Amino acid sequence: MDPGSTSTAHVALHRSTRPHARIRSVEVDEALAIDGVQAVVTGADLYAALGEHVLTGPAFQDQPAMAYDRVRYVGEPVAAVIATDLATARAATESVHVDYEDLEAVYDVDDALTGRAFVHDELRPSAVFGDLRHLNGVRDTNVNYEFRLARGDTDAVETAATGVQRRFWCPPTHHVPMELPCTVAWVEGNRLEMLTTTQTPSYVRQTVADMLRLPLSDVQVRTRPLGGSFGSKMYDRLEPLAAAIAWVLRRKVRVVASREEAFLLTTRHGARVTSAMRADADGDLVAATADIIYDTGAYADVGPRITGKSGMVASGPYRIPNVSIRSRCVYSNKPSAGPFRGFGVPQVTWSHESLIDELARRTGEDPYAYRRRHLLREGDVAAMGTVMHSADFTGCLDAVAEAVDWANPPERGEGRWRRGQGIAVGVKAVLTPTVSNAVLQLNQDASASLLISTVEMGQGSDTIMAQIVAEVLRIDSHRVHVVPADTDVTPYDTITAGSRSTYHTGNAVRLVAEQMRERLLALAAEQSGVPAGELRLTEEGISGSGHPEPLRVEDVVLRHFRARGTTLTCASNFTTDWVPYDRNTGQSAKVTEHWFAGAVAVRAAVDTWTGRIRLEHLAVSGDVGKAINPFLVEQQLSGAAITGIGHALFDELVLDQGQFVNGTLLDYQLPSLGDMPDRLTPIIVESPHRTGPFGAKGVGETGILAVAPAIANALRDAVGVRLTELPLTAERVLNAIERKRAEESPQESRQQSPQESQEGNQ
């Protein structure tokens, strides 16, 4: 291989066939002999070059770019083949041979808690999350993080008049973005440069700099619009591997995941929730408890954050005086789980919205009315001790109930098809604390260039940010160019995720635009002799007393610099803060900067012959504070709800002894157009946030939170069965219906077939 070659080499990965094993040796000679193969790099090679810096991770420094001592899941990279073309590289991976010593594996959350085998020898907190430092060096455990929330005394109300308790399960699922992850990395001089599909360019820059022991200025990370992601392109995916290979070989390399490999990069967390709710003789909620276990797979990724952020809302958006929550994140020998739209909250919403629905039925109240009288209102203190603001749960609930005509329930029917309606509410905290920066250049022709590190991935952030600038500077938003994220050019931003961008980056953009407006007014005052306080910026220019004709912005800038093509530049920062929650009680006076509130109502038909659920109408609402772009908001609500339909009815990663059974799109079932609701109604609810840009908040995750329980509640209403395991497949529904028939009529437990009954045809 010519190390000085400038052509791009292609990388393919030889992956582990064992869920947990020690690597005895890796034989690469056969692969190296293949024509077109330029090099083979093993995990041991990277470890020899970089030492323990090859380990990365946002919560724990636990994930190697490639396995070097042992493998921890089926599909973990062990060796990288570098070749002239991708086909050759992929074919040559079959000629890499690894000798393993099998170790006992941890396959599920029960295995994780037994303590018979451990995925990692000890916990190694990273420098990213300072609140995990106390876990450094903890050994002999698969529990890498535990969050506890305690309010009141749940033991004191165990004899409440009515109580419900269930164990719920949400399986791991795949993000299935249409656009696959890809990273190109190369060395320029003594700098590492990357073009990559990431939601977190600032984080990737820091990670790669730490791994290669370089100053931040010697690492450049650029992005382009990502297409789909939903959390799959965050934190440590392909970037550490590509950077390490490029740096060690001093070669430009391209790493792209195949569709099958994308299944191995990250998943949504599987979660088991054992929970209960109790009400007194008047039907008032008095207690809620939950024991939550998140399966984070072989590497923690951001699992500890998901565990805490979801644990704090596991009792739902309700006034409940006594709450006890235990939320744990555990390792297993599976592909690593990471962020997914909703950040772990849909898993607990599935629990609390199913429970409160059942509790309402047991107390004889309408599920909509029962929720409504217990929902948190403005100024109420939530279970974690934070006062609620701009979280209009009742407005969201009322909107979806009205949309599906809740007061006039469907005829349930007596034949093959039975109909019912269901409703559910969701709550989520925005990621806090975080940092956003913005730089604005006003060009002499009165156009603008906005520099931010928020990554456009279909959520419309470029459009929203341009609108904010345009609103403040009174120009057409099409004249605002948003520069794609580039760590050499665009300023630091914590992350593009968690529906934080409209609020956090939007505030930074609003501030920088206001600075620019004030600077323009000051220049106009200087040039005109009119005090700046008497001037104002309009679509026509800068107006004020004594100036019947507005001053054109173009002329003001031209006079200031005395040259065409010049620019004015301003910069701003917006940083949020929080009060860290008490480690024993989870209580915090300010656990988040703002809340997401949403609701879903469903009318569904259930085929009692096949178990199929058909959605006739789904209404989804979200409190967005203020809709800066209503069309984009409706798209976000609808898109999130459709993702939630997949999780409710189809999505499920199935593993057998750590091996994916359905890890391809030939086997992984997704909803199609035929599975969409006959009618889908997105509803915008506006409860302006006192510090949001023009009152706005995010919305990207709001619509997914309550979809699954709303559908399950409609199923319960239609046929009287309560399922606690997702997805609600036709087989599970049919089995539940047959069990119910057997319990009610043991002598008539056999269901009539279509040939035996002509009743109920549509």
Side-chain angles (χ1 to χ4, degrees), residues 108-110 162-171 270-277 291 347 349-364 367 409-424 602-616 645 647-652 654 656 661-662 669 675 707-762:
D108 55 37
V109 294
D110 288 320
T162 307
V164 291
Q165 181 171 346
R166 296 284 193 281
R167 173 173 284 187
F168 297 89
W169 171 248
C170 289
R272 188 174 76 191
V273 186
T274 305
S275 51
M277 279 189 177
D291 186 355
Q347 290 93 313
T349 308
W350 163 237
S351 162
H352 66 65
E353 286 306 290
S354 297
L355 281 182
I356 198 168
D357 202 78
E358 200 63 33
L359 192 59
R361 294 176 185 279
R362 291 201 182 182
T363 58
E411 290 292 330
R412 280 160 179 74
E414 296 179 353
R416 172 179 176 179
W417 288 91
R418 307 291 176 85
R419 288 175 170 79
Q421 59 185 10
I423 201 163
V602 171
R603 284 204 173 192
V606 182
D607 185 345
T608 59
W609 286 0
T610 67
R612 178 194 170 200
I613 298 174
R614 193 182 75 217
L615 303 178
E616 297 182 329
I645 290 169
H647 290 166
L649 300 178
F650 301 103
D651 285 51
E652 179 179 21
V654 180
D656 181 18
V661 173
N662 60 339
Q669 190 174 6
D675 300 306
V707 175
I711 295 174
N713 293 338
L715 171 67
R716 168 71 168 84
D717 189 51
V719 296
V721 299
R722 171 66 63 191
L723 293 187
T724 59
E725 184 175 354
L726 290 177
L728 306 173
T729 62
E731 181 181 11
R732 286 180 178 139
V733 172
L734 188 59
N735 287 340
I737 292 172
E738 290 180 344
R739 284 195 301 270
K740 183 173 183 291
R741 282 201 182 107
E743 291 168 1
E744 293 176 347
S745 305
Q747 302 304 316
E748 301 176 10
S749 60
R750 185 174 61 87
Q751 183 181 7
Q752 287 184 316
S753 69
Q755 292 77 20
E756 293 171 319
S757 172
Q758 299 300 315
E759 180 186 27
N761 290 325
Q762 289 203 109

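Because only heavy atoms are used, hydrogens play no part in the values below, and waters and symmetry mates are left out as well, while side chains stay in. Here the structure is a predicted model, which means the values were calculated and not measured.
Pairing each heavy atom of Trp350 with each of Trp169, the nearest pair is NE1-O, 3.6 Å. Pairing each heavy atom of Glu652 with each of Pro727, the nearest pair is OE1-CD, 3.4 Å. The two atoms that bring Ala718 and Val606 nearest to each other are CB-CG2, 3.9 Å, heavy atoms only. The nearest pair of heavy atoms linking Val721 to Ala736 is CG1-O, 3.6 Å. Heavy atoms only, all atoms of each residue included: Ala605 and Glu616 are closest at CB-OE2, 3.7 Å. Shown here for Glu353 and Pro709, the closest heavy-atom pair between the two residues is CB-CB, 3.5 Å.
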*Under the side chain to side chain donor-acceptor pair (under 3.5 Å) criterion, do Arg166 and Thr724 qualify, and how do the steps go?*
CA-CA 7 Å; Arg166 296 284 193 281; Thr724 59; over 6 Å; no
*I would like to know whether Ile711 and Leu728 meet side-chain contact (heavy atoms from CB on, under 4.5 Å); could you show each step before the answer?*
CA-CA 9 Å; Ile711 295 174; Leu728 306 173; 3.9 Å; yes
*asked:* I'd like to know whether Glu411 forms a side-chain contact (heavy atoms from CB on, under 4.5 Å) with Arg419, so could you lay out the CA-CA distance, the side-chain angles of the two residues, the decisive distance to 0.1 Å, and finally the verdict.
replied: CA-CA 7 Å; Glu411 290 292 330; Arg419 288 175 170 79; over 6 Å; no
*Does the pair Asp110 and Arg272 meet the rule for a salt bridge (Lys or Arg N to Asp or Glu O under 4.0 Å), with working shown?*
CA-CA 10 Å; Asp110 288 320; Arg272 188 174 76 191; 3.0 Å; yes
*asked:* Show, in sequence, the C-alpha distance, side-chain angles and deciding distance for Leu355 and Phe168, and conclude whether the side-chain contact (heavy atoms from CB on, under 4.5 Å) test is met.
replied: CA-CA 10 Å; Leu355 281 182; Phe168 297 89; 4.0 Å; yes
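Within the model, atoms OG1 of Thr729 and CD1 of Ile613 stand 9.0 Å from one another, a figure rounded to the nearest 0.5 Å. Distance CZ/Arg418 to CG/Leu715: 12.0 Å, rounded to 0.5 Å. Atoms CG and CE, on Leu359 and Met277 in that order, are 7.5 Å from each other to the nearest 0.5 Å.
Listed for the Asp717 side chain is no donor-acceptor partner under 3.5 Å among the backbone atoms of Asn713. The backbone N or O of Ala742 sits nowhere less than 3.5 Å from a side-chain atom of Ser745 that would complete a donor-acceptor pair.
Ion pairing between a basic and an acidic side chain is recognised when a charged N comes within 4.0 Å of a carboxylate O; Glu744 and Lys740 show such pairing. In summary, Glu358 and Arg716 engage in a salt bridge, as defined by a charged side-chain N under 4.0 Å from a carboxylate O.
Leu726 is not listed as a side-chain neighbour of Gln347, based on a closest heavy-atom distance of 4.5 Å or more. Residues Val164 and Arg362 form a side-chain contact, since some pair of their non-hydrogen atoms from C-beta on lies under 4.5 Å apart. Inter-residue side-chain proximity for His352 and Ser275 is flagged as unmet; no heavy-atom pair is nearer than 4.5 Å. Gln669 places none of its side-chain heavy atoms less than 4.5 Å from the side chain of Asn662. Between Thr610 and Arg416, the closest side-chain pair of non-hydrogen atoms falls below 4.5 Å. Side-chain contact between Asp675 and Ile645: absent, with no pair of heavy atoms (C-beta onward) separated by less than 4.5 Å. Residues Leu723 and Arg732 form a side-chain contact, since some pair of their non-hydrogen atoms from C-beta on lies under 4.5 Å apart. Residues Asp357 and Arg722 form a side-chain contact, since some pair of their non-hydrogen atoms from C-beta on lies under 4.5 Å apart.
Both tests pass for Arg614 against the ring of Trp417: distance under 6.0 Å to the centre and angle within 45° of the axis.
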